[in-house]
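Within every chain, numbering begins at 1; the chains are lettered A, B, ... in the order of the sequence lines, protein sequences first and strands thereafter.
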Protein chains: 2
Amino acid sequence: MPSPPELDSTDRAILRLLQKDAALSLAAIAAEVGLTPTPCWKRIRRMETAGIITGRVTLLDPAKVGLPLSVFVALEIGDHSAGWIEAFAKTVSEMPEVLECWRMGGDVDYLLRVAVEDMPAYDAFYRRLTATVPGLRNVTSRFAMERVKASTALPI
Amino acid sequence: MPSPPELDSTDRAILRLLQKDAALSLAAIAAEVGLTPTPCWKRIRRMETAGIITGRVTLLDPAKVGLPLSVFVALEIGDHSAGWIEAFAKTVSEMPEVLECWRMGGDVDYLLRVAVEDMPAYDAFYRRLTATVPGLRNVTSRFAMERVKASTALPI
DNA sequence: GACGCAACAGAAAGATTTTCCTGCTTTTCA
DNA sequence: TGAAAAGCAGGAAAATCTTTCTGTTGCGTC
């Protein structure tokens, strides 16, 4: 059975607002979507418990907190067993400088985005990664020059 | 002159908490860092006006809002003039399905992360991108199978 | 001893959350 | 087919909790 749309246009309007600014008051949201605060609150509550909203976070300026260098690391691996994959996911999840880790299809097996202070710090991370993770066949580091766009707002 | 550290250990503790959960009350933050709400509020206020805190956003589950496909697009360009670069940044910033766009050093000129509904939607995006942006020498699409880790919390 | 900074206590303003109510739509049953 | 009943979404108002602002104190420095 094709489940009915979980989100109507009002829900999506609320989400568009909250994706841009999680600190908006219910009164402001309500005015924007044409409701009173109470039904807005109930809708947000529902989307939170449904797992549609996964969290509210504070974003920082990477340069201003001393992490101006972003590196994308493409990994090719030798061992494709379920055990290796699980262990790798755990290892990488525990590395705080790895902000994103994607398992990919195609020529690259994993793609990481890493935030570090400078090149020596990246080298230290690189050594730690290659020492900790066994069976890496190829590691390609690509360095970001400029963050042209960095959004967390999905187009809904 | 080596500017004094803008952030002391209390500031960083507050930022670590707020990066994980922007909805924490001042009372909860204050208890965690060992202060009363008022100085916490002043510190947060200061970091907001200083641009260290760039915003508070709501995160959604991409699959649950109908955007389960993430694609990384590597671009190589022919024209490296300042005008082209500026126009490209503007074009890409206005495309809502492009969540991230990085200007890179090395073999790849730009790396994009794109969120779409499915493969036909990606194809439509691809056609629009290549039709809109002139002078692309090479476009390589890599498809994500699994989001192993996706964090917005910088390691401070 | 005076100054400046950071924290604190308490109060006022504002926001969130709850409770209860109304009207609409859908369902069910005679 | 019609009508009562149930369920759903929104709204008003009150209670609770938070944020924000005021003045004040304590500590370290000069």
Side-chain angles (χ1 to χ4, degrees), chain A residues 1-61 63-66 152-156, chain B residues 1-61 63-67 152-154 156:
Chain A
M1 55 188 169
S3 59
E6 284 206 44
L7 299 170
D8 65 14
S9 65
T10 304
D11 288 329
R12 284 195 298 274
I14 292 171
L15 290 179
R16 276 194 294 275
L17 293 169
L18 284 179
Q19 280 196 112
K20 281 194 288 189
D21 184 359
L24 281 173
S25 74
L26 285 171
I29 295 166
E32 199 75 33
V33 304
L35 287 176
T36 51
T38 307
C40 284
W41 180 79
K42 287 178 183 171
R43 283 168 178 266
I44 293 167
R45 201 84 232 253
R46 183 180 62 76
M47 295 189 283
E48 277 171 349
T49 58
I52 295 162
I53 292 173
T54 58
R56 301 178 181 214
V57 301
T58 303
L59 302 179
L60 310 183
D61 184 323
K64 291 206 171 133
V65 296
T152 56
L154 299 169
I156 56 175
Chain B
M1 54 188 171
S3 58
E6 285 206 43
L7 299 170
D8 65 14
S9 65
T10 303
D11 288 330
R12 284 196 297 272
I14 292 171
L15 290 180
R16 277 194 294 274
L17 293 169
L18 283 179
Q19 280 195 114
K20 281 194 287 190
D21 185 358
L24 282 173
S25 75
L26 285 171
I29 296 167
E32 199 76 33
V33 303
L35 286 176
T36 51
T38 307
C40 285
W41 178 77
K42 285 182 181 169
R43 283 167 179 266
I44 294 168
R45 199 98 235 267
R46 184 180 63 76
M47 293 190 283
E48 277 172 348
T49 58
I52 294 163
I53 291 174
T54 58
R56 301 177 182 215
V57 301
T58 302
L59 301 180
L60 311 182
D61 183 322
K64 291 205 171 134
V65 297
L67 298 166
T152 55
L154 299 169
I156 55 174

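Of the candidate nucleotides C/dT16, D/dT20, C/dA9, C/dT16 has the atom lying nearest to any side-chain atom of A/Leu26. Nearest nucleotide to the B/Ser25 side chain, out of D/dT18, C/dT16, D/dG10: D/dT18. Of the candidates C/dT17, C/dA9, D/dT20, the closest approach to any side-chain atom of B/Thr36 belongs to C/dA9. When distances are taken from the side chain of A/Lys42 to each of C/dC20, C/dT17, D/dT20, the shortest belongs to C/dC20.
Rounded to the nearest 0.5 angstrom, A/Leu17 CG and B/Thr58 OG1 are separated by 10.0 Å.
Scanning atom types as modelled, one donor and one acceptor separated by under 3.5 angstrom connect the side chain of B/Thr38 and the base of D/dC21.
Among the atoms of the strands shown, none is found under 4.0 Å from any heavy atom of B/Arg45. Note on A/Leu35: only backbone sugar-phosphate atoms sit closer than 4.0 angstrom, heavy atoms only; bases stay farther off. Nucleic acid contact for B/Arg46: none, since no nucleic acid atom lies under 4.0 Å from a heavy atom of the residue.
The neighbour count for A/Arg46 CZ, taken as heavy atoms of other residues, nucleotides or ligands under 6.0 Å away, is above 12.
B/Ile14 places its CD1 atom 13 Å from the P atom of C/dA6, with the value rounded to the nearest Å. Nucleotide C/dA7 holds its P atom 12 Å from the CD1 atom of B/Ile44, rounded to whole Å.
Residue A/Trp41 has a polar side-chain atom (N or O) positioned under 4.0 Å from OP1 or OP2 of C/dT17.
Under a 4.0 Å N-O distance rule, the pair B/Glu48/B/Arg56 qualifies as a salt bridge.
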